[in-house]
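Structure record follows, encoded as structure tokens.
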Amino acid sequence: MCKQVAMFLKFKQQVVESLKDYGDERFLRDSEHADMSSTIAFKISKEEKRKPQEIAEEILEKVELKEYVGSVEALNGYINFFASYEFLEDTINFILDSDENYGSLDLKGDVLIEHTSANPDGPLHIGHIRNSIIGDTLTRIFKKAGFDVKTQYYVNDMGRQMALTVLGVERFGIDSNLKIDHAIANAYIQINRFLEENPELEEKVEDLMIKYERGEEEVCNKFREVVERALDGIKETLMNLNVKHDEYIWESEFIRNGYVDKVLRELDNNNLIRKNGAWILELNEFEKEVVLKRENGTTVYITRDLAYHMWKGEKFGRLINVLGSDHKLYGRQLSKILEILGLKQPEIVFFEFVSLPEGSMSTRKGKFISADELIFKLYDEAYNIIKDREFDEDEKRRIAKAVGTAALRYDFIRIAPEKPMTFDWKKALDFENTASYIQYSHARACSILRNAVKHGMPELEFVGEICSDVERKLVMLLSKFSYYVLRVVNELRPNVFAEYVMNVATTFNEFYRTHPVLKAESDYRMHRLAIVDATRIVLRNGLELLGIEALEKM
RNA sequence: GGGCCCGUGGCUUAGCAUGGAUAGAGCGACGGCCUUCUAAGCCGUAGAUCGCGGGUUCAAAUCCCGCCGGGUCCGCCA
């Protein structure tokens, strides 16, 4: 897999080889004391009841250094490996040569990532965009890893909430002063309130659902119009987040194209469905039975979703869904049924909820903070910071937008998906030490390079031997780009990549403070310029994977 | 009630899969640094019973058991 495509992975591979019989990857660790550490001596110590350090020293005798493995030591039972000058030099040169391709892997396969998929009954709120940002970041990283990736937004156009939305729009109209998805949410909130006081409306809701499922033209037109308009608003929001889906797949499509019937038929053929009015499936390992068809003959969400997965599975090698953790049980049931049918199961990335200090959000109750509101407040905040700088007005707007979007994306992606988040306006609008820090570091690197060119000294020449500790630390970090790409692909935790990019920026700033570049003697200047340029490339490519614009000036 | 997730300095968080070297960052606080390549920056100081209690181990934030607190699910909703 890693020919010349992944520097640090290559180093790791050579560490494994240098350890020969002891080269077990499971005992290799990242370390603050070395470029790579093996804990194998502790393992053996347990079996042989001898001191770890003694064993480590014995193993050390047998270690054979490699091109990239420059030195090795046995310390406190650890076997510590250090990269060679060749490794540092090859890393920098490889980054400079690869440029925008640096960090790529050559993994193969096609992947479908489904994410966001919020009901089109209102605008995206700050919970939905956690989904969008995780999904979009995974998409970018999977592409970098070499996969052929497509993204889909699964549009839930069939549910009860859509019937209500249609009725709401009909009864209360649409406020044309508002962004369209917000206007639709208002109608949806009003009809919910109305329904509480007029329960007899329930009949109309059911009637509408039945007609839509049957495909009555007039009803279909009504649904289509409302859904499409809501999606227009949602797409606009996603665009501001640098998120774009390849396809929008409507749930109702699977009623019309026969896949729902196909799924039901297959389950029925296996005698798995109990029919007593409703169609019910019992799954032994869940105490809950699954309804696939209501007594009135209409299907439910999971029935259509099964059909969607059957369809997806036929077209793509690997399926990834990003879902809120409230769907955990649902996801397991869905997977179980797909398994029974011998169909491809999705890998599901669950993320915990974003809640408000006063509790959880609800579109229906109108209790939510919309993504749009947050986005525009961030633009304003960012604009205020730069309003007095020497940029023209358009450039200020552009920078404010890039910085605002970056802060938002980074704040969401940096947190491990399984951690619950509580939204806090003050923190959300704080630009200190977040994505803008990384953007700033990138702009700083660009600025040094611009000045170098301006003063006619653009030559780059990295020399391993003259590396200081900080330079070495920075170059080692730069070499790990694809190592983190691979980790995200394996672990489906994009937050580890966000942390990596931040580390690069932090270390670069440390370097910046202590290592004058343009004022240095010619050898050192060329050496450091090479480091600056390589860092610039890593930061730019890293930001790209986070869906954040790498500004050259700010 | 049962299932799943979370609980690490005042706040946010990494590390937990595969147990090992002084628990790593950031914000906030305090004190410093702009005649030097972008101060959206840098340096330093203070601040942690890793929710609690047991257990396994030479070694536990990490594994096991019990508990506490928070979230979430358990619809002929989506």
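Proteins come first, then strands; the chains are lettered A, B, ... in the order of their sequence lines, and each starts at number 1.
Applying the 5.5 angstrom centroid cut-off and the 30 degree plane-angle cut-off, the aromatic ring of A/Phe431 is not stacked upon the base of B/A40.
Donor-acceptor pairing under 3.5 Å, judged by distance alone, is absent between the side chain of A/Thr506 and the base of B/A25. No hydrogens or angles were tested; on distance alone, nothing pairs the side chain of A/Arg414 with the base of B/U13 as donor and acceptor under 3.5 Å.
Cation-pi geometry between A/Arg487 and A/Phe497 is not met at under 6.0 angstrom from the ring centre and within 45 degrees of the axis. Judged by the 6.0 Å distance and 45° axis criteria, A/Lys480 is positioned over the aromatic ring of A/Phe8. A cation-pi arrangement is present between A/Arg444 and A/Tyr512, with the terminal nitrogen or guanidinium carbon under 6.0 Å from the aromatic centre and inside a 45° cone about the axis.
Note on A/Tyr512: a side-chain N or O is less than 4.0 Å away from OP1 or OP2 of B/A39. Proximity of A/Arg294 to the phosphate of B/C77: a side-chain N or O atom is located under 4.0 Å from OP1 or OP2. The side chain of A/Lys419 places an N or O atom within less than 4.0 Å of a non-bridging phosphate oxygen (OP1 or OP2) of B/G7. In this model, the phosphate group of B/C76 is not approached by any side-chain N or O of A/Thr298 to a distance below 4.0 Å at OP1 or OP2. Checking the phosphate oxygens (OP1, OP2) of B/G24, no side-chain nitrogen or oxygen of A/Asn503 falls inside 4.0 Å. Of the side-chain N and O atoms in A/Arg304, none sit less than 4.0 angstrom from OP1 or OP2 of B/C77.
Inter-residue side-chain proximity for A/Gln439 and A/Ile548 is flagged as met; some heavy-atom pair is nearer than 4.5 Å.
Comparing the P positions of B/A29 and B/C74 gives a spacing of 44 Å, expressed to the nearest Å. Here the separation of B/C65 from B/A25, taken at their C1' atoms, is 33 Å to the nearest Å. Comparing B/G51 with B/A46, their P atoms sit 24 Å apart, to the nearest whole Å. Separating the P atom of B/G26 from that of B/C64 is a span of 32 Å, rounded to the nearest Å. Nucleotides B/G10 and B/G47 have their C1' atoms positioned 9 Å apart, rounded to a whole Å. Only the C1' atoms considered, B/G41 is 29 Å distant from B/U8, to the nearest whole Å. Between the P atoms of B/G19 and B/A61, the separation comes to 14 Å (whole Å). With both ends at atom P, the span from B/U12 to B/U49 equals 16 Å, rounded to whole Å.
Nucleic acid contact for A/Pro516: base, since at least one base atom lies under 4.0 Å from a heavy atom of the residue. Within the nucleic acid shown, A/Asn156 comes within 4.0 Å of sugar-phosphate atoms alone, with no base atom in reach, counting heavy atoms only. A/Phe27 comes within 4.0 angstrom of nothing in the nucleic acid, heavy atoms only.
Remark: B/A21 base-pairs with no nucleotide in the shown strands. Criterion, Watson-Crick or G-U wobble with two distances under 3.5 Å. Pairing for B/G44 goes to B/C30, judged as Watson-Crick or G-U wobble with the two contacts each under 3.5 Å. Pair check for B/C67 finds B/G51; Watson-Crick or G-U wobble, both atom distances under 3.5 Å.
With A/Asp157 contributing its side chain and A/Ser252 its backbone, the two residues share a donor-acceptor pair below 3.5 Å.
Inspection of the A/Tyr330 and A/Asp305 side chains reveals an N or O donor paired with an N or O acceptor under 3.5 Å.
Looking at which nucleotide of RNA chain B each of A/Ser31 and A/Lys328 is closest to, the 5′-most match is held by A/Lys328.
Straight-line distance from the CG atom of A/Leu477 to the C1' atom of B/A14: 14 Å, rounded to whole Å.
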